[in-house]
Amino acid sequence: MERTQKQDQQTAAETKEPRTGADLLVESLINEGVETLFGYPGGAALPIFDALYKAQSAFDQILARHEQGSIHAAEGYARVSGKPGVVVATSGPGATNLVTGIADAMIDSLPMIIITGQVAQGVIGTDAFQEVDVMGVTTPITKHNYQVRDVKELPRIIREAFHIATTGRPGPVLIDMPKDISGEIIDESFSPNIELDLPGYQPTTKPNPLQTKKLAEAISNAKKPVLLTGAGILFAKASEEVLEFAEKYSIPVTSTLLGLGAFPGNHPLFMGMAGMHGTYTANTALYECDLLINIGARFDDRLTGKLSSFAPNATVAHIDIDPAEIGKNVPADIPIVGDAKAALIRLLTHEIEQPEHDDWLVRIHENKEKYPLWFNKPEQDMIGQWVIKQVHEATDGNAIVTTDVGQHQMWTAQFYTFNKPDKWVSSGGLGTMGFGFPAAIGAQLAKPDETVVAIVGDGGFQMTLQELSILQEKGLPVKVIIVNNQALGMVRQWQEKFYSERYSQSIFSIQPDFVKLAESYNVKGLQVKSQEEFIKAIPEIFDYEGPVVVDARVLQQENVFPMIAPGKGLNEMIGVKP
Amino acid sequence: MKRIITATVRNRSGVLNRVTSLLQRRQFNIESISVGRTETEGMSKMTFVVDVEDFQKLEQVTKQLNKQIDVIKVSDITDKAIVARELALIKIVSNSQLRAEVQGIIEPFRASIIDVSKDSLSIQVTGKPDKIEALIELLRPYGIKELARTGVTAFARGQQPSTQDGSSYSSLLG
């Protein structure tokens with residue numbers, strides 16, 4: 001097969017087929033350094049896929065089985081590689097199947113390039129076959145979007161799209177390609193050196209020195225400082241600086257869900273994740289602190305809880321590259337617009353007095369001792385928390401871990417200690433079921449030599465499990481651990497707590513045989529029902545060179561604790577102690 | 001509180017849709033929008049009158065607008081010395097006997113009659129929104145058949161006074 005394609009390529013080169021808009025698009029992608037491309041063909045995108053066929057040696061092309069799989073895989077790739085994830089899909093249903101992933105990438109600030117085919121310009125607006133107003137649909141969920149109206153604009157648009165997606169606060173940029181533009185014969189020679197002309201887009205990366213100085217002074221005066229690390233630190237590659245900064249001034253650190261790994265999870269200054277299912281220590285510290293330094297987090301409501309109880313007595317410093325995040329949810333006393341790394345480097349240059357807050361450190365330390373995360377370990381049966389601890393031990397905490405949304409996600413955030421950056425891939429802001437498994441595929445493609453574990457729920461896995469095909473095709477050794485409680489765990493938990501145990505549509509009485517299902521995709525499948533079985537299976541999972549799907553049967557009734565009930569404040573946690 | 005915000009934007013396809021969709025999904029209440037070309041080729045200016053709860057919300061409006069790639073500059077000009085104008089077309093019930101009476105009412109507003117028919121009159125008026133409001137109220141008793149307003153368009157005066165009394169917007173916006 002491969003040989004035939006190569007021959008075709010040669011023939012194309014020899015006969016000098018005329019270049020089309022789609023060829024120009026592909027050349028632009030090569031010029032931007034794209035190596036991996038996630039796609040799904042269809043009518044309006046056929047010229048693009050034809051151009052990709054001709055240029056296939058330039059990319060690793062990944063065919064998912066559903067566009068949603070493509071885009072979540074591209075998100076996983078983007079999160080782990082730091083390079084933009086590139087997705088190509090066709091018009092209409094192809095494009096709308098991407099919508100969830102685009103929204104997910106938008107809210108979690110992932111750099112993405114989405115190329116959609118569109119019906120020919122002559123029929124745009126006529127409700128043509130497979131036509132959707134993709135610009136209208138995606139305007140609210142992209143950082144920017146383009147519809148190509150003139151093939152000559154294509155190189156500029158691609159250049160701008162990559163620049164916009166990857167700079168400032170990263171985000172998804174969509175390019176809609178009408179079929180006639182893709183198919184148009186061009187004679188222009190492609191010029192990759194396009195000068196950017198974006199007067200309306202000039203992200204501020206260098207922080208204002210007066211503001212950083214103000215923060216430095218606030219630190220030396222603070223009696224109860226707290227540092228909140230968000231995913232902005234990961235995007236800015238500022239983990240070393242944040243560690244140096246926290247250690248220099250002995251500031252206790254907490255993290256958002258997506259910021260995990262930006263600061264070492266096993267560091268004595270680390271208090272664990274904050275928010276709805278965060279630690280008592282972190283949430284209490286946020287409630288009591290007199291100085292809160294937020295670096296690269298957007299004060300999501302799952303973090304803050306009731307706003308009036310969020311750091312009520314604190315001077316709030318907020319460092320963010322996106323000025324619109326500063327003061328959006330929580331007013332900032334010291335606003336610092338800039339890149340996290342640049343801001344930290346600047347802060348570290350200020351000669352400031354060492355703060356005196358030993359009492360505060362003692363209190364934090366005591367809380368950590370007294371109120372650690374906990375779970376009841378049953379005799380034999382498994383529970384999610386225990387499973388995650390086993391995975392942590394088996395991988396030495398070094399794996400790249402992806403999750404969906406829900407109980408397994410929170411347990412992973414709580415019990416898989418992330419000590420290094422870029423090991424954690426989860427759907428935070430959008431809370432997308434079906435994200436974790438394809439994201440693991442993207443992560444494994446980006447980092448072929450690392451252990452990639454997808455920790456998924458039985459609900460979420462059933463949304464995108466058809467992507468097992470990619471594991472088979474590409475030989476990716478992804479380890480899928482289904483934390484299977486035969487229910488939509490978090491929904492079940494909320495129904496138990498807030499809807500008088502009326503379990504409406506949240507319990508799966510029938511499930512597929514996940515082992516046979518995996519095997520049908522040529523992937524090794526295992527079912528484990530007890531602690532003993534799980535421990536025995538660990539070498540089979542992690543020493544095995546290929547992909548594995550583990551159906552880990554856990555108790556259905558287990559809940560995620562501690563918890564801040566919706567509408568409550570950081571000081572109103574329940575389930576802090578067994 | 002009502003604020004006047006101007007945005008200089010690039011004339012790229014979908015920019016108006018982008019801006020209004022942004023304001024809508026963030027639940028900013030738009031009272032009026034007017035858009036037109038500027039002195040610079042490829043640039044347009046939008047003038048918004050928005051009704052916002054407080055300054056925090058106002059700051060969000062301007063920041064979110066500024067985030068748009070095709071938006072070059074956003075200014076809240078409410079508290080500046082500004083020139084703000086609106087155009088209204090008002091069609092009222094009338095007849096030949098009433099025409100002189102109406103003429104008398106609109107004259108102090110420097111409005112003009114731009115169309116006459118057997119049973120109606122069309123009046124054109126430009127000015128600050130409160131002036132237009134006042135004229136509409138005076139004409140209402142005759143019976144308004146049709147009313148069309150452009151929304152405010154505005155920019156800062158060439159010279160700004162050195163001190164601000166801070167009350168300029170209320171008089172401009174009624």
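Note on naming: letters A, B, ... go to the chains in the order of the sequence lines (proteins, then strands), and numbering restarts at 1 for each one.
No other option in A:Leu198, A:Ile326, A:Asp197 has as many heavy-atom pairs under 4.5 Å with chain B as A:Asp197. The residue among B:Lys73, B:Arg10, B:Gln24 with the most heavy atom pairs within less than 4.5 Å of chain A is B:Arg10. Most heavy-atom pairs under 4.5 Å with chain B, from the set A:Gly200, A:Pro331, A:Gly136: that is A:Gly200.
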Take B:Leu147 and B:Ile136 through the side-chain contact (heavy atoms from CB on, under 4.5 Å) test and state the conclusion after the steps. CA-CA 9 Å; B:Leu147 176 67; B:Ile136 291 169; 3.9 Å; yes
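The stretch residues 57-69 of chain B places B:Glu59, B:Gln60, B:Lys63, B:Gln64, B:Asn66, B:Lys67, B:Gln68, B:Ile69 near chain A, each with some heavy atom under 4.5 Å from a heavy atom of that chain. For residues 162-170 of chain A, a heavy-atom distance under 4.5 Å to chain B picks out A:Ile164, A:Arg169, given by residue number.
At distances below 3.5 Å, at least one donor-acceptor pair connects side-chain atoms of B:Lys131 with backbone N or O atoms of B:Thr126. Judged by distance alone, the side chain of A:Asn145 and the main-chain N or O of A:Met135 form a donor-acceptor pair under 3.5 Å. With hydrogens and angles disregarded, a donor-acceptor distance shorter than 3.5 Å links the side chain of A:Asp333 to the backbone of A:Val316.
The shortest side-chain heavy-atom distance between B:Asp119 and B:Val93 does not fall under the 4.5 Å cut-off.
For the side-chain hydrogen bond (donor to acceptor under 3.5 Å, both in side chains) with A:Tyr201, the qualifying choice from A:His144, A:Glu160, A:Lys143 is A:Lys143, the only one to do so.
Salt bridge annotation for B:Glu31-B:Lys2: present, with a cationic side-chain nitrogen under 4.0 angstrom from a carboxylate oxygen. Checked for salt-bridge contact, A:Arg302 and A:Asp300 miss the test: no charged N lies under 4.0 Å from a carboxylate O. Between B:Arg149 and B:Glu133 there is a salt bridge, since a side-chain N of the basic residue sits under 4.0 Å from a carboxylate O of the acidic one.
In this structure, chain A has heavy atoms under 4.5 Å from both the backbone and the side chain of B:Arg18. Within the 4.5 angstrom heavy-atom criterion, only side-chain atoms of A:Asp322, from C-beta onward, approach chain B.
In this structure, CG on A:Leu228 lies 5.5 Å from CG on A:Leu303, to the nearest 0.5 angstrom. Interatomic distance, CD1 of A:Ile293 versus CG of A:Leu215, reported as 5.0 Å (0.5 Å rounding).
Between B:Phe48 and B:Phe28, the distance separating the two ring centers is not shorter than 6.0 angstrom.
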